[in-house]
Amino acid sequence: QSVIAADKVYRLKIQSAYPHGDVSMELLKQFAASAAKRSNDRIRISVFADPELVPAEQLFEATKKGTLDMMHAVGVMWGGIVPVGEIEFGLPMMWNDPGGETVKANSEIVRKFFFQSGFADLLRREYAKQDLYWLDMHSYGRLFTLTTKQFRTCEDIKGKKFRVEGAWMDFYNNLNARGTFISGMEAYMGLKLGTIDASQWDVSGITGLNWHEVAPYNMIPGGNDVIPGQIVVSMKTWKSLPDDLKAALAGAAEDYFHILNDAYMDEMKKVEELVKAGKLINSPLDTRCTEMYTQAAYQLFDEVSERDPAIAEAIKMVRKWRESLK
Amino acid sequence: MSTELITLLLFGGLLFLLALGVPVAFALGGISVLVIFIIGGANDFFIVATTTYRQITDPGLITIPLFLLMGNFLVHSGISDRLFKALNLWLSGVRGGLAIVSICVCVALAMCGGFGPGILTMGLIAVPAMLAGKYDKNLALGSVMAGGVLGCIIPPSILMIVFGYISRVSIGKLFFGGAIPGFICAMLYIVYIVVRTRLKPELAPKVTAAMLRESNRWLSAADILLPGMLIILVLGSIFLGIATPTEAAGIGAFGSMAICVLYGRLTMKVITVSCMETMKISGMVLWILVAATLFGVVYTSAGAQDMVMSIVEKMPVNRWFVLFAMQGILLLFGMFMDDYAVVTICAPIFIPIAVLLGFDSIWFSIIFILNMQVAYLTPPFGWALILMRGVAPAEVTTRDIWRSVPPFVAIQLIVLVLTMLIPQLALWLPEKMF
Amino acid sequence: MGEDKKTILSMVDNITLWVSKPVSFLVCAMMGVTTVEVVGRYVFNRPTIWAWPVNRQLFGIFILVAGSYSMSRRGHIRIELIYDRLPKALKWCGWFLGISAFIGFMGTLVWQSGWMGINSFMSRELLAGVFRIPLYPFKLLIPVFAFLFLVQGIAVFWREREHLKKEDASNHGPGTPLV
Ligand code: NA
Ligand code: NA
């Protein structure tokens, strides 16, 4: 490599799908710091929150076009363009109970699966079709389903309105509940006034959006134990980087994975405190309903597999892995 | 180019273009495109498309045409005429009665949370009625605009949810925190109208005896009752959990159509004219919103946050000085930018600093939002001014609209300062409730 | 103004009006869709999966066309406070900056949303989520209607130019405001 190339500073822009105040968004600054450190300051990343440069929904196009160099989001947002993104994010029960004791241990197990089973390669192949390089995953911890009333049986769930997204809507409809859309900003009001009965989000639905104030029951199982997020790079940017900087960026993404895990461990502590204070009530479904819940999830795996060959391949990998967990 | 220079270019350029009579939407859009090119090059032009796409598909903004449709149905079917004739009879004993009723309706609509429902509907139906009743222009325009912007401080308010998220405080507490300052504002507006019209009765003439004799009060009661039900329908659908605030706008439009049917006034012509009018006003409002959002995005990407941060860091450490300086920055930004852009740029910086200085974060959020309420009314860029320009009758000029603002802004500032001096105004109710 | 120029300008107005009339009814459609969703959810406990995705696209088309319609009706707000008292030369300056700002803004939108539309079409983009209809027809319509807006805007600025010229010639009286 020439001396000039070795000295060249790469200024990159990353935007998150989440606004200021979101834990994972704020910690992207540490991702940027790590990339700078690992590259001897040759990678300088500016971090933006939603919707500072582009609205979250358009992160994909903006990164593909090169207006952004990287995006920080979840695969399910791009399910209409990269169908396998829906699987990357996780269908119900897909990343549930992988066997770890903590949020941190669970996400480490899932990340291992991503990189050791060929799952990450599959994602890279599919994103490459859109001129994007799928760099790495990270986890937003647990997916919570907060409900306004206590649900114990599947009978209780019947006809209740769940504010969920993507394939989860099909899933709750299969359980005779009602998948409903209202915007995230209206969810608090919706729960308070009974427009909806339940709402799903990661831990920031509790620690950030305070939904537990109006929906104090934490339904179990109500989601996955790991919510995979993604850092995706514009292919043009990725190819322009010399190999050592590619490695630096990949290393920074891995650092970010660990930093985020620790942060979500802290968030979970806040959740535990709320549980202790009686402000959040863990509310498990009965065995029969949990079984039905699992059944409905596996049924959904089959339904979704028919949509796209890459999805089918991905689900096959997940199924094999889940078998090996038992 | 430094951020300071870009600030000058953006704000100065905007002022210059507006002064030369360039339409607001294109002044904002044009200057933004220029600055995008200067700081990012052609590659960044894509944000023009992404920002536009976001705004023209934002479910929350659908409330704008829907509330406009609601108002237009009432106006073009002639129902609002009858409503205000009847109101005039009933309020014949109260000087400035129509202005006071407008504010009360605005307070009710403020509980819908959406984007300016008070100004959109009252501007369409109440302002023409007041002007026809020989009300002073300043009084008519100012009271509707001031009442209309109560929506951001009287709960529920989207702005409060944003603040709750950024500052990690209870949204319920913020809702309750805004209630008292909001109602104080509304009350002071009414007091102002009463006192002002007492002192200068010609500002709001009373109904003449001749008019009183002409019509029968009781017969006209129906003309108030049915449209009045509309507000109950809109609010009821929200507070009974039937509809979200966004959806309530649709229910309101549907209700006003139903009222037209009941009066036998729903002709094809009424529908066509209402839709076309709604389209004209929405086109004008939404394109300003698109361009204003782009303006904010450009300013943020130019490093506005870092600049504001460095300004605050250079300040003397006196906490009250910092607090007042922050309010000054907000007032200044509020003159040029959309409130949402101001919040995006300033809230993530100001809130942590305020907490660090030992201020209560709920209290600080409430005074921040009170300040944004002022921003709606301050020229050259104020949402209330723009919305009013869109819906007011043709004889109302921009000059009229701007001139009607000062007394109401003064009241807003008084409440802002009061809340700063007496934190209990914002904190008492939340503490009581939780 | 030449006769053929006049013909072109009124043709542009007519096209806008011809598109606007049917599209203006979309606001009633949005009202209807919202009402169906609310009644479906509250009365029948059957929330739809399509109401908001459909409403968003209706809204998008409505607003795009509304921009042109507002333009043709000279509805776009400007602040006439100072403008009315400006000397001729500055009015011309304002006209020139106005049309530049407009073309800069709207032209960029046509160009960039064009890329967005074509890109969406190439990957046959579907709506993400559970109501998986094609999204590319909508994204392809954006540059088309933005182009209409651009053309309508240029037509309006062109008329304004004629007014300013007339004002120059007569050398008295206020100009007809653009909007
Ligand atoms: Na409100
Ligand atoms: Na302002």
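Naming convention: chains lettered A, B, ... in sequence-line order (proteins, then strands); numbering from 1 in each chain. Since we're looking at a predicted model, the values are computed, not measured.
The candidate with the highest count of non-hydrogen atom pairs below 4.5 Å against chain A, out of B:Val162, B:Thr300, B:Thr293, is B:Thr300.
Considering CZ of B:Arg54 and CD of A:Glu57, their distance stands at 7.5 Å, rounded to 0.5 Å. Here the CD-CZ distance, from A:Glu61 to B:Phe46, works out to 4.5 Å after rounding to the nearest 0.5 Å. To the nearest 0.5 Å, the span separating CD on B:Glu247 from OG1 on A:Thr195 amounts to 7.5 Å. Separating the OG1 atom in B:Thr244 from the CD1 atom in A:Ile196 is a distance of 10.0 Å, to the nearest 0.5 Å.
Heavy-atom distances place both the backbone and the side chain of A:Thr207 under 4.5 Å from chain B. Only the backbone of B:Leu240 comes within contact range of chain A, with at least one heavy atom under 4.5 Å from a heavy atom of that chain. There is no contact between B:Ala341 and chain A, counting heavy-atom distances below 4.5 Å. Of the atoms belonging to A:Glu26, not a single heavy atom falls under 4.5 Å from chain B. Looking at B:Gln305, the atoms closer than 4.5 Å to chain A (heavy atoms on both sides) all sit in the side chain, from C-beta outward. Only the backbone of B:Val169 comes within contact range of chain A, judged by heavy atoms closer than 4.5 Å.
Crowding of A:Lys129 atom NZ: a count of heavy atoms from other residues, nucleotides or ligands under 6.0 Å exceeding 12. Within a 6.0 Å sphere centred on CH2 of A:Trp201, heavy atoms belonging to other residues, nucleotides or ligands number 12 at most. Counting heavy-atom neighbours within 6.0 Å of B:Phe254 CZ, excluding the residue itself, gives a total of 12 or less. Counting non-hydrogen atoms of neighbouring residues, nucleotides and ligands closer than 6.0 angstrom, the CZ atom of B:Phe37 reaches no more than 12 such neighbours. Around the NZ atom of A:Lys192, the shell of radius 6.0 Å holds no more than 12 heavy atoms that belong to other residues, nucleotides or ligands.
Between A:Met189 and B:Phe175, some side-chain heavy-atom pair lies under the 4.5 Å cut-off.
Side chain of B:Thr51 to main chain of A:Val54: no donor-acceptor pair is present (N/O by atom type, distance under 3.5 Å, no hydrogens or angles). Using a distance-only test at 3.5 Å, with no hydrogens or angles considered, a donor-acceptor pair links the side chain of B:Asn43 to the main chain of A:Gly66.
Between A:Lys13 and B:Asp44 a salt bridge is recorded (basic side-chain N to carboxylate O distance below 4.0 Å).
Nearest heavy atoms, A:Thr67 versus B:Ile47: CG2-CG2, 4.0 Å.
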